[in-house]
2 protein chains.
Amino acid sequence: MATQKSIADKLGLSISLVSRVLSGKAKEIGVAQETIQKVLDEAQRTNYTPNSAALSLRGVKTHTLGVISYDFEDPYFGIILGELHKIAKQRKFTLILAGSYHREEETLDLSAFAKHSIEGLIIVGSDRNKDWYEKFPQKSIPSVQIGFTTEKIGANICIDETVSASLIARYLQKQKTNNAALFFNHSLSHETFKKEYIEALKEHEITVLEDVICDGSLNSVKSGVKRLKSLPDVIIAGDDIMATKIIRSLHELNIKVPDDVKVFGFDNIAHSRNFIPSLTTLNPPIKEMIQAAFDLVSSPKASQETMRFTPELISRESA
Amino acid sequence: MATQKSIADKLGLSISLVSRVLSGKAKEIGVAQETIQKVLDEAQRTNYTPNSAALSLRGVKTHTLGVISYDFEDPYFGIILGELHKIAKQRKFTLILAGSYHREEETLDLSAFAKHSIEGLIIVGSDRNKDWYEKFPQKSIPSVQIGFTTEKIGANICIDETVSASLIARYLQKQKTNNAALFFNHSLSHETFKKEYIEALKEHEITVLEDVICDGSLNSVKSGVKRLKSLPDVIIAGDDIMATKIIRSLHELNIKVPDDVKVFGFDNIAHSRNFIPSLTTLNPPIKEMIQAAFDLVSSPKASQETMRFTPELISRESA
DNA sequence: CTGTTAGCGCGTTCAT
DNA sequence: ATGAACGCGCTAACAG
């Protein structure tokens, strides 16, 4: 591997001179044009790449962000990571990954972040506690969470649950919906929205007949559907995946959507357009949210800001 | 941040002593048990984490793997990354992310890998060329690609296309299928499978009526379906997403699956069980594949091995 | 305009 | 059983 020393030796110059040229500070300091060119040429020829270890040891900015994911199987995870990566690339940032599996009660491994010194932290997903943050050695770096939390540690990007709820309630009211059943799971995100939904529905004179809580597996959804005392006008699901499972369950019980009952989703996952029936749902402005998240976390000063984004109602076949 | 120096100062010991203890070489060299304990305690108390920059500068193993993704929106990307992360965590490896967008002809940014010195490379997805590899500075590190490629550079993990094809062909033959239409896109993965499918179908006396190539958008799939000269017994899709789009298109044209035409998928994405009709498809042994990939890339000696995995046929409603 | 020096955190001689 | 000194590759302060 080519180093500044190898270039300096070859050219009979000093290392620091080479350093100046290679770090672009040649002009500023005043280096002979001819020397600059020689160094540049030799660097080019030998395929010189700065050694990051040395740089970060010297305290030079590493432009490295840590990403924590709470759920790799979230259908949006890939999209979010893709967007993050896109912006990171534009701005010459590197992404390092950590994650945890809530369900298995695993603890978050932060050694990855300590190992490479990260300059910002992006948390993807909602959570209820940040026990791992206790031991986090770099508490001063800017951080942002994309999702809901009960333990805010930095900036926060989420969807406006109040606006979302009234969007849905108004839509359903216009369709002369009188009553609804709710299918949500135990996640903080579901619970946050559900609370607002219940209120907004009441305000719009829609009765919540039942409030089903299930873990989201097809089986638990189906048994939830089976146990419904009566068929409501609409079933509101915590997310699109839940919605498809509800529709699938109804289908297996020979109940038609939307003729017998409407189903409302949330997320507008790629799949929702192709599903039969296609899903009426709320579309979060993902790109804008990720963009904002990146801006918050890559800025020099740590922010505590909370930004709420408004989703768009996508009216399709299911409701 | 706690460093060896900070611990040494606090305890009134020398840095090198602390270093020996912390790098586990205390016993070997002969350090007083009492001293060892003091250092360990102080390290614990101050939350000491070794600085990777310093380590890699000294040439110590960083246990860092680079991950290249060709498509963040692939429904399997999250699953794969989740599995990779799980194993990485167990074995104390760190994952660094790079990626590219084939469709936008973007080039791969490898500076992320140069910055943190990676010890292995995992490529997720199929590709046709590795132009970026020309400029890759660390060609000697072990690498593995999960997917097909025409330009193999290290180990390779993929699905056995021949076995897959005969699995499908036999299944269809048993169902008295006489003819088929193929819906595939331009990706190397699709093309690889398609070639084998055509051969296997011929061997099992199933006529390929049409071979539709589309980009995978719902529109292009639908117009492909519309242009079908006659309805085949079965439509074989390159992947499950394509299959759902085909079924959706057929649905919009009032053609029933599987009554009027069967549809066969590939991938067994999470969604395929919930789709209406549920998808008959091939299920790749993802966990085993990822496990194998990780073993290959994290082993000290770079391997050129190619491992082919056999999928399992999941018979559901669509075919 | 260019060279010398120091030091970032760590493991490793070589001394003691 | 412990410490001092060196160097990995690099930049910045200081000195010509």
Side-chain angles (χ1 to χ4, degrees), chain A residues 1-40 42-43 46-64 111 113-119 137-138, chain B residues 1-40 42-43 46-64 111 114-117 119 137-138:
Chain A
M1 286 287 279
T3 69
Q4 297 192 347
K5 182 172 192 314
S6 72
I7 297 178
D9 286 352
K10 171 92 182 212
L11 264 37
L13 298 168
S14 75
I15 302 180
S16 52
L17 194 42
V18 175
S19 170
R20 284 167 197 145
V21 174
L22 259 22
S23 56
K25 277 160 196 156
K27 271 280 164 56
E28 194 179 318
I29 296 182
V31 177
Q33 185 56 46
E34 189 194 3
T35 314
I36 296 183
Q37 207 42 248
K38 273 202 299 188
V39 172
L40 253 28
E42 179 65 10
T46 56
N47 230 320
Y48 168 80
T49 347
N51 179 320
S52 85
L55 286 176
S56 75
L57 194 55
R58 292 253 330 111
V60 176
K61 292 252 172 283
T62 57
H63 271 215
T64 302
S111 60
F113 293 162
K115 216 154 73 175
H116 310 264
S117 44
I118 62 169
E119 289 166 3
Q138 302 144 280
Chain B
M1 285 287 281
T3 70
Q4 297 191 345
K5 184 173 190 315
S6 73
I7 298 178
D9 286 351
K10 170 92 184 214
L11 263 36
L13 297 169
S14 75
I15 303 180
S16 48
L17 193 41
V18 175
S19 170
R20 283 167 196 145
V21 174
L22 260 21
S23 57
K25 277 159 198 157
K27 272 279 163 55
E28 195 178 316
I29 295 183
V31 177
Q33 186 57 44
E34 190 194 2
T35 315
I36 295 183
Q37 206 43 248
K38 273 202 300 188
V39 172
L40 254 28
E42 178 65 11
T46 57
N47 233 320
Y48 168 80
T49 348
N51 178 321
S52 85
L55 286 176
S56 78
L57 195 54
R58 279 202 44 77
V60 176
K61 293 250 173 284
T62 58
H63 270 213
T64 302
S111 60
K115 216 153 73 173
H116 310 264
S117 42
E119 289 166 5
Q138 302 145 279

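So you know, we letter chains A, B, ... as the sequences are listed, proteins then strands, and number each from 1.
- Sorted pairs that involve residues 48-60 of chain A and meet salt bridge (charged side-chain N to carboxylate O under 4.0 Å, His left out), not counting sequence neighbours, are lacking altogether.
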Taking protein heavy atoms under 4.0 Å as touching, what does nucleotides 8-16 of chain D look like 5' to 3' if B marks base contact, S marks sugar-phosphate-only contact and - marks none? BBBBBB---
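- At a non-hydrogen distance threshold of 4.0 Å, B:A32, B:T35 from residues 32-40 of chain B come into contact with DNA chain D.
- Residue pairs meeting the side chain to side chain donor-acceptor pair (under 3.5 Å) criterion with at least one member in residues 4-14 of chain B, sequence neighbours excluded: B:Q4-B:Y48, B:K5-B:D9, B:S14-B:S16.
- Taking each heavy atom of A:A43 and A:L22 in turn, the nearest pair found is CB-CD1, 4.1 Å.
- In this structure A:E42 satisfies the salt bridge (Lys or Arg N to Asp or Glu O under 4.0 Å) test together with A:R45, sequence neighbours excluded.
- Looking at heavy-atom distances under 4.0 Å, B:G24 makes no contact with the nucleic acid at all.
- How far OG of B:S19 is from CD1 of B:I7: 10.5 Å, rounded to the nearest 0.5 Å.
- For the atom pair A:T3 OG1 and A:I15 CD1, the distance stands at 7.5 Å (nearest 0.5 Å).
- Listed by chain and number, the residues in a side-chain contact (heavy atoms from CB on, under 4.5 Å) with B:Q33 are B:K27, B:I36, B:Q37 (sequence neighbours excluded).
- Here NZ of A:K25 is found 11.0 Å from CZ of A:R20. Values are rounded to the nearest 0.5 Å.
- Inter-axis angle, ends of the helix from C:dC1-D:dG16 to C:dT16-D:dA1, five pairs per end, rounded to 10 degrees: 50°.
- With rounding to the nearest 0.5 Å, the separation of NE2 in B:H63 from CG in B:L55 is 11.5 Å.
- Rounded to whole Å, the distance from CG on B:L17 to P on C:dT16 is 18 Å.
- Minimum interatomic distance between B:A53 and A:L57 (heavy atoms only, all atoms of both residues): CB-N, 3.9 Å.
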